[in-house]
Amino acid sequence: MRHAAYFDTVTVDLARGTAAEVVAAAARAKINVRAVGDRAVTVAFDETVTAADVADVLAAFGAAGTDRPAGDALGAFARTSAFLTHPVFHAHRSETAMLRYLRTLESRDLSLAHSMIPLGSCTMKLNATAEMFPVTWPEFGALHPFAPASQTAGYQAMFAQLERWLAEVTGFAGVSLQPNAGSQGEYAGLLVIRKYHEARGERGRDVCLIPQSAHGTNPASAVMAGMTVVVTKTDANGNIDMADLRAKVEQHSARLAALMVTYPSTHGVFEATIREVCAIVHEHGGQVYMDGANMNAMVGIARPGDIGADVCHLNLHKTFCIPHGGGGPGMGPIGVAKHLVPHLPGHPVVRVGGDSGAVSAAPWGSASILPISWMYIRMMGGAQLAEATKVAILNANYMAERLEAHYPVLYRGQNRRVAHECIIDLRHIKAATGIEVEDVAKRLMDYGFHAPTVSFPVAGTLMIEPTESESKAELDRFCDAMIAIREEIREVEIGVASREDNVLVRAPHTMQQCVSDAWTRPYAREKAAFPAPWTRVRKFWPTVTRIESAFGDRNLVCACIPTEAYAG
Ligand SMILES: *Cc1c(COP(=O)(O)O)cnc(C)c1O
């Protein structure tokens with residue numbers, strides 16, 4: 001054994017025989033162990049391994065069993081301190097109790113099961129049950145990422161098909177399924193671009209241009225990939241400022257590595273200059289990285305590869321239906337043009353990709369959730385994927401039109417249309433009444449809705465993305481809520497409601513507050529709790545009221561048992 005201390009993985013240097021012989025002997029017992037060179041073998045154990053399995057592993061090594069209890073091996077490393085002492089680990093001791101506990105936690109969450117989640121840039125679309133089924137199958141869920149290729153033919157077929165489909169959707173020659181998130185895709189894509197420049201003897205190209213309106217992950221990824229970020233301006237209409245772009249490209253021409261551009265832009269607009277933008281960057285030897293987070297506005301009707309991009313990532317947890325409430329797990333594969341295929345991320349254990357280093361521990365990232373996107377694409381088919389895109393754009397434009405009379409839409413493209421999302425502007429409202437976007441976001445909870453994206457990419461605005469999954473009735477319900485909130489703002493505007501104590505700044509309202517005998521607010525309880533007809537039939541009660549954001553972030557309240565309890 002190579003190490004005195006270990007956790008779950010043991011590497012054994014062989015005294016006799018070869019690693020291949022041990023691997024073959026283990027395989028005969030249906031056990032996968034990993035050869036490390038010719039003379040060492042690595043074995044990982046988990047809680048499902050039985051004594052009989054251990055005996056089989058030992059037999060594969062040609063070693064005899066031992067009577068020594070497994071506990072002995074833990075020796076000095078066995079834990080003696082108490083653990084899992086929090087009452088919550090002991091309070092729910094039957095399946096019934098556990099079920100109720102989990103259901104209680106779930107009920108505090110406003111999810112797609114309650115109402116639309118119009119979070120712009122997040123594409124909170126339906127995660128269909130049928131798409132989710134295969135995740136539960138052991139054929140997908142119980143396979144190790146390094147399982148020998150001979151045992152993973154089904155997975156390989158799925159990877160190949162999904163890669164082909166995603167290449168078709170993006171108009172690219174090659175796809176890497178390795179990145180685990182959009183941001184990781186950005187990092188991977190920029191590494192690919194760096195390798196490409198290096199291979200052409202242009203190691204000095206390290207400047208990455210990023211428009212002002214970009215998602216925060218863009219500059220972060222560029223810095224992590226070792227590039228120098230240069231920000232380019234956006235004009236009054238929210239579009240890339242072409243004069244500034246030209247100037248920056250000229251200025252950094254010799255060092256230009258890449259431009260990162262989101263299309264349609266994070267302003268929710270198809271920028272008409274996008275082909276020209278790509279051409280300018282190419283003229284100066286740079287590569288175009290397209291942030292594909294807004295692909296829900298393009299699938300089936302336009303392709304990054306045709307527009308002039310060289311690389312783009314896809315957020316499978318946005319456009320391709322992997323559920324992503326609560327932050328994951330997601331997948332951010334990248335597509336690349338032909339000249340970049342040799343530089344796709346590789347992997348030290350499994351032969352995959354090209355000459356860039358691995359960006360994930362596993363060769364195909366979070367492979368077990370890829371069936372969700374596979375199912376989505378397979379069940380939809382090409383024509384329906386295009387139809388979904390059209391409906392997503394139609395829905396966003398419908399909402400933009402209905403809300404325009406109440407909140408101005410900040411940016412529009414040609415023909416006054418938006419893409420698959422729109423930004424509504426509340427800055428003038430704040431100036432006139434002191435009511436902020438945050439107040440509207442909180443008040444939406446009383447109406448039973450999740451807030452849109454707040455203050456991204458423009459501070460003081462809300463970015464709304466309905467997706468194709470919502471019916472006209474649901475879009476109208478959300479618009480009705482926003483319009484009713486505008487009327488509540490008007491009460492402050494005209495002095496009917498106080499600026500300091502009104503239904504908006506005190507939102508959201510909990511059930512406890514609303515039924516309390518100590519209600520002293522200047523507005524009615526009914527107005528607080530049941531502001532729209534549907535809330536009387538289907539009320540979502542926020543469980544906590546507002547915690548002032550920055551103060552809350554700086555003053556953590558722990559649900560732990562008090563520290564005194566540990567003192568004894
Ligand atoms: C979501 C998003 C990202 C980052 O993707 P993750 O999967 O969250 O890492 C990047 N750019 C844009 C425009 C996005 O909306």
Side-chain angles (χ1 to χ4, degrees), residues 102-103 106-107 109-141 154-155 157-159 161-166 168-170 177 180-182 292-301 314-333 364-396 398 420-421 448-450 464-475 477-478 538 540:
L102 293 177
R103 186 65 187 76
E106 185 196 332
S107 71
D109 223 1
L110 193 152
S111 73
L112 279 172
H114 297 95
S115 55
M116 75 185 283
I117 299 185
L119 272 178
S121 221
C122 290
T123 311
M124 301 296 289
K125 69 205 279 180
L126 170 72
N127 317 120
T129 305
E131 291 155 13
M132 308 285 285
F133 276 141
V135 172
T136 63
W137 299 344
E139 289 86 345
F140 286 114
Y155 250 122
M158 180 189 65
F159 294 149
Q161 282 175 348
L162 189 57
E163 282 174 7
R164 200 165 64 240
W165 294 340
L166 297 180
E168 169 72 25
V169 160
T170 52
L177 296 174
N180 281 302
N294 290 342
M295 200 66 195
N296 214 46
M298 286 215 281
V299 177
I301 57 175
L314 298 169
N315 303 65
L316 297 189
H317 46 292
K318 293 179 182 172
T319 315
F320 296 91
C321 295
I322 295 175
H324 62 125
M331 275 296 276
W364 293 279
S366 305
S368 68
I369 54 175
L370 289 176
I372 302 171
S373 298
W374 188 97
M375 288 289 283
Y376 172 63
I377 297 173
R378 190 72 187 82
M379 291 196 297
M380 291 285 276
Q384 288 308 307
L385 285 172
E387 183 69 12
T389 304
K390 291 174 193 170
V391 174
I393 294 172
L394 178 66
N395 282 357
Y398 176 75
H420 65 312
E421 58 191 354
F449 283 106
H450 194 288
I464 300 169
E465 179 181 2
T467 82
E468 72 280 13
S469 307
E470 302 301 341
S471 65
K472 179 169 176 296
E474 182 69 356
L475 302 183
R477 211 166 63 84
F478 181 82
R538 202 149 56 92
F540 178 86

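- Contact check for Ile372 versus Pro323: side-chain heavy atoms found under the 4.5 Å cut-off.
- Minimum interatomic distance between Ala130 and Pro134 (heavy atoms only, all atoms of both residues): O-CD, 3.8 Å.
- The structure places CZ of Phe540 at 9.5 Å from NE2 of His450, a figure rounded to the nearest 0.5 Å.
- Taking 4.5 Å as the limit, some side-chain heavy atom of Leu166 sits within range of a side-chain heavy atom of Leu316.
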(request) Begin from the C-alpha positions of Ser373 and Ile322 and carry the test side-chain contact (heavy atoms from CB on, under 4.5 Å) through to its verdict. (result) CA-CA 7 Å; Ser373 298; Ile322 295 175; 3.7 Å; yes
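- The two atoms that bring Pro466 and Leu475 nearest to each other are CB-CD2, 3.5 Å, heavy atoms only.
- In this structure, Glu168 CD and Glu163 CD are separated by 14.5 Å, a value rounded to the nearest 0.5 Å.
- Judged by distance alone, with hydrogens and angles left aside, the side-chain atoms of Asn315 form no donor-acceptor pair with the main-chain N or O of Gly332 at under 3.5 Å.
- For the pair Cys321 and Asn127, the tightest heavy-atom approach, listed with the atom from each and the gap, is O-ND2, 2.9 Å.
- A donor-acceptor pair is defined here as one N or O able to donate and one able to accept, closer than 3.5 Å; no such pair exists between the side chain of Tyr398 and the backbone of Lys472.
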(request) Evaluate side-chain contact (heavy atoms from CB on, under 4.5 Å) for Glu131 paired with Phe320, printing each intermediate quantity in order. (result) CA-CA 10 Å; Glu131 291 155 13; Phe320 296 91; over 6 Å; no
(message) Using the rule given for side-chain contact (heavy atoms from CB on, under 4.5 Å), can you reason through Phe449 versus Arg477, listing the C-alpha separation, both sets of side-chain angles and the distance that settles it, and then say yes or no?
(response) CA-CA 10 Å; Phe449 283 106; Arg477 211 166 63 84; 3.6 Å; yes
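- A 4.5 Å side-chain heavy-atom check between Ile393 and Ile301 finds at least one atom pair inside the cut-off.
- Among all heavy-atom pairs drawn from Ala293 and Lys318, the shortest one is CB-NZ, 3.8 Å.
- Considering only heavy atoms from C-beta on, Leu177 comes within 4.5 Å of Leu370 through its side chain.
- A ring-ring contact (aromatic ring centres under 6.0 Å, His included) with Phe159 holds for exactly one of Trp165, Phe140, Trp364; it is Trp364.
- Residues Ile464 and Glu421 fail the side-chain proximity criterion, which asks for heavy atoms closer than 4.5 Å.
- Remark: the backbone N or O of Ile369 is not paired with any side-chain donor or acceptor of Ser366 at under 3.5 angstrom.
- Heavy-atom minimum distance, Glu139 versus Tyr155: O-CE1, 3.9 Å.
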Which pairs would a plain distance check flag for residues 382-391, meaning a side-chain donor or acceptor within less than 3.5 Å of a matching protein atom at least two apart in sequence or in another chain?
{"unit_1": "Thr389", "atom_1": "OG1", "unit_2": "Val299", "atom_2": "O", "d": "2.6"}
{"unit_1": "Thr389", "atom_1": "OG1", "unit_2": "Leu385", "atom_2": "O", "d": "3.1"}

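- In this structure, His324 NE2 and Met331 CE are separated by 15.0 Å, a value rounded to the nearest 0.5 Å.
- Residues Gly182 and His317 share a closest heavy-atom pair of N-CE1, 4.0 Å.
- Here the CG atom belonging to Leu112 is positioned 8.0 Å from the OG atom belonging to Ser469, to the nearest 0.5 angstrom.
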Which atom pairs, donor and acceptor, lie under 3.5 Å between side-chain atoms of residues 114-126 and protein residues at least two apart or in another chain?
{"unit_1": "His114", "atom_1": "ND1", "unit_2": "Ser111", "atom_2": "N", "d": "3.1"}
{"unit_1": "Ser115", "atom_1": "OG", "unit_2": "Gly448", "atom_2": "O", "d": "2.7"}
{"unit_1": "Thr123", "atom_1": "OG1", "unit_2": "Glu465", "atom_2": "OE1", "d": "3.4"}
{"unit_1": "Thr123", "atom_1": "OG1", "unit_2": "Glu465", "atom_2": "OE2", "d": "2.7"}
{"unit_1": "Lys125", "atom_1": "NZ", "unit_2": "Asn296", "atom_2": "OD1", "d": "2.8"}
{"unit_1": "Lys125", "atom_1": "NZ", "unit_2": "Thr319", "atom_2": "O", "d": "2.8"}
{"unit_1": "Lys125", "atom_1": "NZ", "unit_2": "Tyr376", "atom_2": "OH", "d": "3.2"}
{"unit_1": "Lys125", "atom_1": "NZ", "unit_2": "Glu468", "atom_2": "OE2", "d": "2.8"}

